[in-house]
Each structure stands twice: as structure tokens, then as C-alpha cells.
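To keep things clear, I will list the structure first and then write my remarks on it.
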Amino acid sequence: MYEAFYSIRKIYYLILAVSGVPLNLVAIAILSRGKCGLSTYTTRYLVAMATADILVIITDVILWRISYYYFPGSFLDITPVCSFIAALSRAATDCSVWFTVTFSFDRFVVICCQKLKTKYCTEKTVAVVLATTGILLCLINVPFYFVYEPARIIDSVPWDCAIKPSCYTDPSWLGFDWFDKVLTPLLPFALILLLNSLTVRHILVASRVRKGLRGQSKGENHSDPEMESRRKSVILLFTISSNFIFLWLVYVVEFLYYIITGVNPSNYNNSEYIFQQVGFMLLNLSCCTNTFIYGATQSKFRQQVKNVVKYPVTSVIQLMNNQHN
């Protein structure tokens with residue numbers, strides 16, 4: 001069973017690497033053009049999320065896992081190098097998660113806090129929020145560089161990254177591990193669920209009030225552009241949030257299992273190890289799905305994708321017509 005899972009995982013990460021980077025680059029290119037019917041500050045949040053996702057794919061999938069499976073013994077396996085990649089991967093993952101939280105809070109403010117909206121929902125605020133969040137998360141993840149020790153030393157060169165045994169027993173490392181798991185993803189889980197609940201409650205109340213004012217409570221049928229705009233915004237928010245929660249759920253369950261049972265992950269049996277690795281596979285997958293979410297929920301984004309796909313074909317046809325003429 002383990003050998004079959006190893007082969008599946010090897011192919012899985014290769015597909016993720018090959019598809020994840022171009023998909024997110026397409027999303028960034030299309031969103032940056034500003035033709036998807038979204039506000040400028042909302043677009044910046046989505047571009048930041050896609051950028052963080054690309055960094056996760058490059059560091060965690062390509063430089064860490066693809067290197068391990070397809071290029072063993074490369075310079076990426078030198079202990080200082082792989083320790084740096086591990087810390088960078090953690091920081092990129094945290095940014096991907098927390099940019100989702102900041103986006104959720106932005107949608108909450110837009111929909112539920114009209115007075116705060118004019119001050120908070122600006123391009124300057126978005127830049128400050130994203131820059132501050134990114135810098136803090138990079139600093140917080142610096143200790144991960146010191147989590148690893150060489151697995152072997154060849155000709156005085158340290159190779160591979162093995163987690164130090166003290167990380168499972170030392171109170172300071174155990175405390176940092178708890179802090180890391182609370183930071184990502186337990187606290188984001190709680191915040192996203194809270195913000196979404198408050199947003200739904202506000203929309204339901206506002207919907208009843210607006211229907212009453214517009215006479216819909218008596219059976220009349222009038223279009224309401226404001227509620228339609230909110231509906232589209234909420235669909236995008238809920239789809240991104242639900243995708244995050246679903247794909248991180250196995251990782252959270254494995255962490256709770258590790259805490260409750262006290263089993264050292266390095267001593268997992270095959271079934272426990274496979275469950276742990278499935279959690280890693282799903283959270284990496286979350287970095288490749290936002291492009292599909294935009295396409296499924298935003299008609300203007302889909303149209304822009306079609307234009308991008310058709311552009312090379314139309315360019316070739318136009319060139320051929322010019323040559324014939």
C-alpha cells in the first residue's frame with residue numbers, strides 16, 4: 001500500500017507543479033487588467049492571494065517535494081539550503097492563508113459596515129494590510145530555519161533536513177509548534193467562520209428590509225441591483241472560504257490526532273503516515289483551485305479567459321489574412 005501511495009504522490013505533485021504556476025499566472029494577468037467587474041482594492045487582494053499561491057507551489061511543491069522525488073542529491077538537499085526552503089515555504093503558506101482571511105474581512109466590511117467601508121476599503125489600506133501581514137508572517141517563520149539538522153554528513157558537507165528530536169520534547173519548541181498551528185490554520189478557521197456567519201446574518205436581515213421597502217413582500221417582483229451585487233460578492237467569498245476550510249480539514253484533524261494521542265509523527269504507522277501526507281497534498285491543492293473558483297463564480301473572468309485563449313488563434317488568422325492580401 002505504501003509503495004502505491006508513494007507512486008501516486010509522486011505523480012500528483014508533478015501535475016500540481018506543472019498546472020499550478022501557469023494557472024495562477026493566468027489569474028494574476030487577467031485580474032491585473034481590471035476588467036473583471038471587481039473594485040481595485042478587491043482585485044489587489046485576489047492578486048496577492050494568487051501570488052502567495054505561486055510561492056507555495058514553487059517552494060513547497062517544486063523546490064521541496066519535486067526535488068525530493070525527481071532530483072535526489074541535488075544542491076537543494078544541502079541542509080542550509082533545504083532549511084531555508086522549508087522556512088520560506090512555511091511563510092508562503094501562511095501568507096496564502098492569511099490573505100484569504102484579510103479578503104474575508106474586507107468583504108465583511110463592504111457588506112456589513114457601511115460607515116467603516118469608506119475609510120477601510122481603499123487602495124492605500126489594502127497595500128498597508130497586505131504588506132504588514134506579509135512581513136510579519138515572514139518574521140514569525142524564521143525559527144523554522146533552525147528546526148532541522150543534517151541527516152548525514154558527506155565530506156564535511158551536511159545533507160538533507162531531519163527534524164531535530166528536541167522539537168518533540170523541548171517546551172519552547174512545543175510551544176512554538178502550538179503557536180504555529182493556532183496561527184495557521186486554527187485561528188483562520190475560526191475567523192473565516194465568524195466573519196461568514198456575521199455576513200450571512202446581515203444579508204438576510206437587509207434582504208428582508210429591502211424586500212419590504214420595495215414591495216416584494218406582497219408578491220411583486222422587482223430587480224434589485226444592490227442585492228444582486230451583494231449576492232455575487234458573497235458567492236465569491238463563500239466559495240473561496242469553503243474551499244480553504246475543506247482542503248485544510250484533514251491537516252487540522254491530523255494535528256488534533258497528534259495532540260490528543262501524543263504519538264510522535266516520526267513514529268507513525270503506514271496508515272497514520274498516509275493520512276498525514278494526504279493532508280499535505282490537499283493543502284497544496286488549495287493553492288491551485290482559486291483560478292477555477294474565479295471562473296465558476298465570475299462571468300467576466302470567464303470571458304477574459306476566453307479572450308486569452310482565443311487571442312493566439314485570432315492573431316494567427318489575422319496574420320495569414322494580411323499575408324494573403
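Criterion: ILVMFWY side-chain heavy atoms under 4.5 Å apart, direct or through other members. Under it, I11 and M281 are not part of a common hydrophobic cluster. Following chains of ILVMFWY side-chain contacts shorter than 4.5 Å, one can reach V147 starting from W178, so the two form part of one hydrophobic cluster. L46 and V128 are members of different hydrophobic clusters when ILVMFWY side chains are connected at heavy-atom separations under 4.5 Å. Taken together through direct or relayed side-chain contacts under 4.5 Å among Ile, Leu, Val, Met, Phe, Trp and Tyr, L55 and I28 form parts of separate hydrophobic clusters. Note: the hydrophobic cluster containing Y258 also contains L256 (ILVMFWY, side chain heavy atoms under 4.5 Å, direct or indirect links).
One distance of note links CZ of F71 with CG of L63; it measures 11.0 Å at 0.5 Å rounding. Atoms CZ and OG1, from R107 and T199 in turn, are 10.0 Å apart once rounded to the nearest 0.5 Å. In this structure, CZ on F255 lies 8.0 Å from OH on Y251, to the nearest 0.5 angstrom. In this structure, T79 OG1 and W159 CH2 are separated by 9.0 Å, a value rounded to the nearest 0.5 Å. Once rounded to the nearest 0.5 Å, the distance linking SG of C167 with CG of D177 reads 8.5 Å. The structure places OH of Y13 at 12.5 Å from CD1 of I8, a figure rounded to the nearest 0.5 Å.
Residue A17 comes nearest to P22 through the heavy atom pair O-CD, 4.5 Å, listed as atom of the first residue, atom of the second, then distance. The heavy-atom pair separating W173 from P143 by the smallest distance is CH2-O, 3.5 Å. In terms of heavy atoms, L174 sits closest to T169 at CD1-O, 3.7 Å. When every heavy atom of G134 is checked against every heavy atom of F99, the shortest pair comes out as N-CE2, 4.4 Å. Listed here is the closest heavy atom pair of S197 and L193: OG-O, 2.7 Å. Across K119 and T125, no two heavy atoms sit closer than the pair O-OG1, 3.5 Å.
For the pair K164 and Y148, the cation-pi criterion (under 6.0 Å, within 45° of the ring axis) is not fulfilled. A cation-pi arrangement is present between R65 and F280 under the rule of less than 6.0 angstrom and at most 45 degrees off the ring axis.
Between K10 and Y70 there is a side-chain heavy-atom pair separated by less than 4.5 Å. Contact check for L282 versus V278: side-chain heavy atoms found under the 4.5 Å cut-off. Annotation: side chain of C82 is not in contact with side chain of D160 (no heavy-atom distance under 4.5 Å). Between I153 and V157 the shortest side-chain heavy-atom distance does not fall below 4.5 Å. Contact check for F108 versus N196: no side-chain heavy atoms found under the 4.5 Å cut-off. Under the 4.5 Å side-chain criterion, counting only non-hydrogen atoms from C-beta, T122 is not in contact with Y41. In this structure, W64 and S89 have side chains that are not in contact, with every pair of non-hydrogen atoms separated by 4.5 Å or more. Contact check for W98 versus L187: side-chain heavy atoms found under the 4.5 Å cut-off.
Checked by atom type and distance alone, the side chain of T118 never pairs as donor or acceptor with a backbone atom of Q114 at under 3.5 Å. At least one donor-acceptor pair under 3.5 Å links the side chain of N24 to the backbone N or O of G20. Between the S96 side chain and the A92 main chain, no donor and acceptor come within less than 3.5 Å of each other.
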Step by step, work out the side chain to side chain donor-acceptor pair (under 3.5 Å) result for S39 and T42. CA-CA 5 Å; S39 63; T42 299; 2.7 Å; yes

What verdict does the side chain to side chain contact (heavy atoms under 4.5 Å, CB included) test give for Y45 and V129, after you've listed the backbone C-alpha separation in whole Å, the side-chain angles of each residue and the deciding distance to 0.1 Å? CA-CA 10 Å; Y45 278 116; V129 168; 4.1 Å; yes

Mind running side chain to side chain contact (heavy atoms under 4.5 Å, CB included) on D77 and V81 for me, showing each step along the way? CA-CA 7 Å; D77 291 335; V81 177; over 6 Å; no

Residue pair V109, C121: steps toward the side chain to side chain contact (heavy atoms under 4.5 Å, CB included) verdict: CA-CA 8 Å; V109 171; C121 298; 3.9 Å; yes

Decide side chain to side chain donor-acceptor pair (under 3.5 Å) for T289 and S286; before the verdict, give the C-alpha distance in whole Å, the side-chain angles of both, and the deciding distance to 0.1 Å. CA-CA 6 Å; T289 53; S286 69; 5.9 Å; no

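Residues meeting the salt bridge (charged side-chain N to carboxylate O under 4.0 Å, His left out) test with D180, sequence neighbours left out: R90.
Using modelled atom types, one finds no donor on one side chain facing an acceptor on the other under 3.5 Å when comparing T43 with T40.
Partner N284 forms a side-chain contact (heavy atoms from CB on, under 4.5 Å) with one of I57, D53, D60 and no other, that one being D60. The only member of E272, R9, E254 that meets side chain to side chain donor-acceptor pair (under 3.5 Å) when paired with Q277 is R9.
Within the 6.0 Å centre-distance limit, the rings of F105 and Y120 are counted as a close aromatic pair. Within the 6.0 Å centre-distance limit, the rings of Y6 and Y69 are counted as a close aromatic pair. The six-membered or imidazole ring of F176 lies near that of F144, with a centre-to-centre distance under 6.0 Å. The ring of Y257 has its center no closer than 6.0 angstrom to the ring center of F275.
Its side chain outside the 4.5 Å cluster rule for every partner, V56 clusters with none of the Ile, Leu, Val, Met, Phe, Trp and Tyr residues.
Within 6.0 Å of the CZ atom in R201, the count of heavy atoms belonging to other residues, nucleotides or ligands does not exceed 12. No more than 12 heavy-atom neighbours from other residues, nucleotides or ligands sit within 6.0 angstrom of CZ on F246.
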